[in-house]
Amino acid sequence: MTELAFTRTTAERRSQAERDAILADPGFGNYFTDHMASIVWTKADGWQNPEILPYGPIQMDPASSVLHYGQEIFEGMKAYRHADGSLVAFRPEENARRLNESARRLSLPEIPVELFVEAVRELVTIDADWVPSGADQSLYLRPFMIADESFLGVRAAERARFLVIASPAGPYFTGGVKPVSIWLSETHSRAGRGGTGAAKCGGNYAASLLPQSEAAAQGCQQVLFTDSATDDTIDELGGMNLFLVRADGTLLTPRLNGNILNGITRKSLIQLAKDRGHAVEERDITVREWRAGAADGSITEAFACGTAAVITPIRELKTADFTIDFGEAAPGAVTLALREELTGIQFGTREDPHGWIDVLVEA
């Protein structure tokens, strides 16, 4: 455990009646809990001053480097309420390790894994009443780090701040396990070779917003990006990793090539699929291969995955020239089985064979 001890300053922002009304229908990312975690880092003194504070605006100097040079990173994770009343997180150490991978790429300080997890635990403990208990509901947690040194100059900042905020959440896509349509972006790229594609930083998501708007104009819920150097090799969606399923049960997913995010849900699904006896191929996959496989029946399913949406079946990939449509076959049996197993582990209704669940608050 870290030697740093959190101080607490508490304040309730909403009455119990207001909170209950929110938890009955939280949506996604619409409301935030009463508190937030905060830890400061300086180059001279390292990590210091861990606090639990009332949720509220962050005072920031206009010259803060994050505002001018984009030095920021974040994570997405969830806390779940199990039937026995305990509150748990799913593989939080993996989120801490990935945040540190992003930190290295963005020249931000790495945070000790145990300090990251303790910040999450402290926040969930004090805001335990905000963890919903409805079907497919959870407490979405957003750890993030910003460079807040005040200076104008292109260099790595020597002061940063790590924070965690939380939001009660229902399903990311409304309507249950409903297959979505995705749009192939043929004019925009999410990331380039040697860039920040593998880091979880805001700039990658900002780059996806215009293509996402174009996808919405085409009646699609998500956008698919290809490698900027090939225009055919698949990278990932705007905010999720991609899997294809062959008729023989083999799962295909783009390899970690430096352009795409090392998804924790992706990693977990690969393990669960192998546990079930599925072969998994992590390699370059092209739109051309997907199209040909759907046409000849050798590729029968597609799904996207990520922390927010967990597993989302894909019905069709639309482009300006053609559509790959699985029709009524979506969602497929493999997609649904993997989703049921993963969410069962997360919500405590299925065995956790790999020890992925971390109890934050005992029952």
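Quantities reported herein were computed from a predicted structural model and do not represent experimental measurements.
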side-chain hydrogen bond (donor to acceptor under 3.5 Å, both in side chains) between D321 and T319, worked out
CA-CA 5 Å; D321 300 317; T319 78; 5.2 Å; no

Determine whether V287 and D232 satisfy the following criterion, side chain to side chain contact (heavy atoms under 4.5 Å, CB included), listing intermediate values before the conclusion.
CA-CA 6 Å; V287 175; D232 190 39; 3.4 Å; yes

Given side-chain hydrogen bond (donor to acceptor under 3.5 Å, both in side chains), test Q48 with T42 step by step and report yes or no.
CA-CA 8 Å; Q48 56 193 296; T42 66; 3.3 Å; yes

Show the numbers, then the answer: is there a side-chain hydrogen bond (donor to acceptor under 3.5 Å, both in side chains) between D84 and S86?
CA-CA 6 Å; D84 64 0; S86 62; 2.7 Å; yes

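Taken from CD1 in I73 to CG in L108, the straight-line distance is 5.0 Å, to the nearest 0.5 Å.
Under the side chain to side chain contact (heavy atoms under 4.5 Å, CB included) test applied with R161, the options I58, V66, N49, I39 reduce to a single match, I58. Screening Q212, R190, K200 for a side chain to side chain donor-acceptor pair (under 3.5 Å) involving Y205 leaves a single residue, K200. The side chain to side chain donor-acceptor pair (under 3.5 Å) with R8 is formed by just one residue from the set H35, E122, E51; it is E122. A side chain to side chain contact (heavy atoms under 4.5 Å, CB included) with T10 is found for one member of I126, D34, D127 and no other, namely I126.
Shown here for F225 and H188, the closest heavy-atom pair between the two residues is CD2-O, 3.6 Å. Contact between N241 and I260 at its shortest, heavy atoms only, is ND2-CD1, 4.4 Å. The two residues F162 and F116 make their nearest non-hydrogen contact at CZ-CD1, 3.6 Å. In terms of heavy atoms, P26 sits closest to A169 at CG-C, 3.8 Å. Scanning all heavy atoms of the two residues, the minimum distance from V124 to A79 falls at CG2-CB, 4.2 Å. Of all non-hydrogen atoms in G29 and S167, the two that sit nearest each other are CA-OG, 3.6 Å.
Taking the six-membered ring for Trp, Y80 and F90 have ring centres at least 6.0 Å apart.
Here R104 pairs with E110 in a salt bridge; the nearest charged N to carboxylate O distance falls below 4.0 Å. A salt bridge links E328 to R315: one of the charged nitrogens lies within less than 4.0 Å of a carboxylate oxygen. Salt bridge annotation for R283-E289: present, with a cationic side-chain nitrogen under 4.0 angstrom from a carboxylate oxygen. By the 4.0 Å N-to-carboxylate-O rule, E149 lies too far from K43 to be salt-bridged with it. A salt bridge is defined here as a Lys NZ or Arg NE, NH1 or NH2 lying under 4.0 Å from an Asp or Glu carboxylate O, and R98 with E101 fails to meet this definition.
Taking 4.5 Å as the limit, every side-chain heavy atom of V120 sits out of range of all side-chain heavy atoms of P92. For the pair N95 and P143, the minimum side-chain heavy-atom distance is 4.5 Å or more. Side chains of T343 and T349 form no contact here, defined as non-hydrogen atoms less than 4.5 Å apart.
Residues I146 and F74 share a hydrophobic cluster, clusters being chains of Ile/Leu/Val/Met/Phe/Trp/Tyr side chains in contact below 4.5 Å. No path of Ile, Leu, Val, Met, Phe, Trp and Tyr side chains, each step under 4.5 Å between heavy atoms, connects F243 with L252, placing them in separate hydrophobic clusters.
A cation-pi contact, defined as under 6.0 Å to the ring centre and within 45° of the axis, is absent between R339 and F303.
In this structure, F326 and W290 have parallel ring planes: the angle between them is below the 30° cut-off, well short of the 60° mark.
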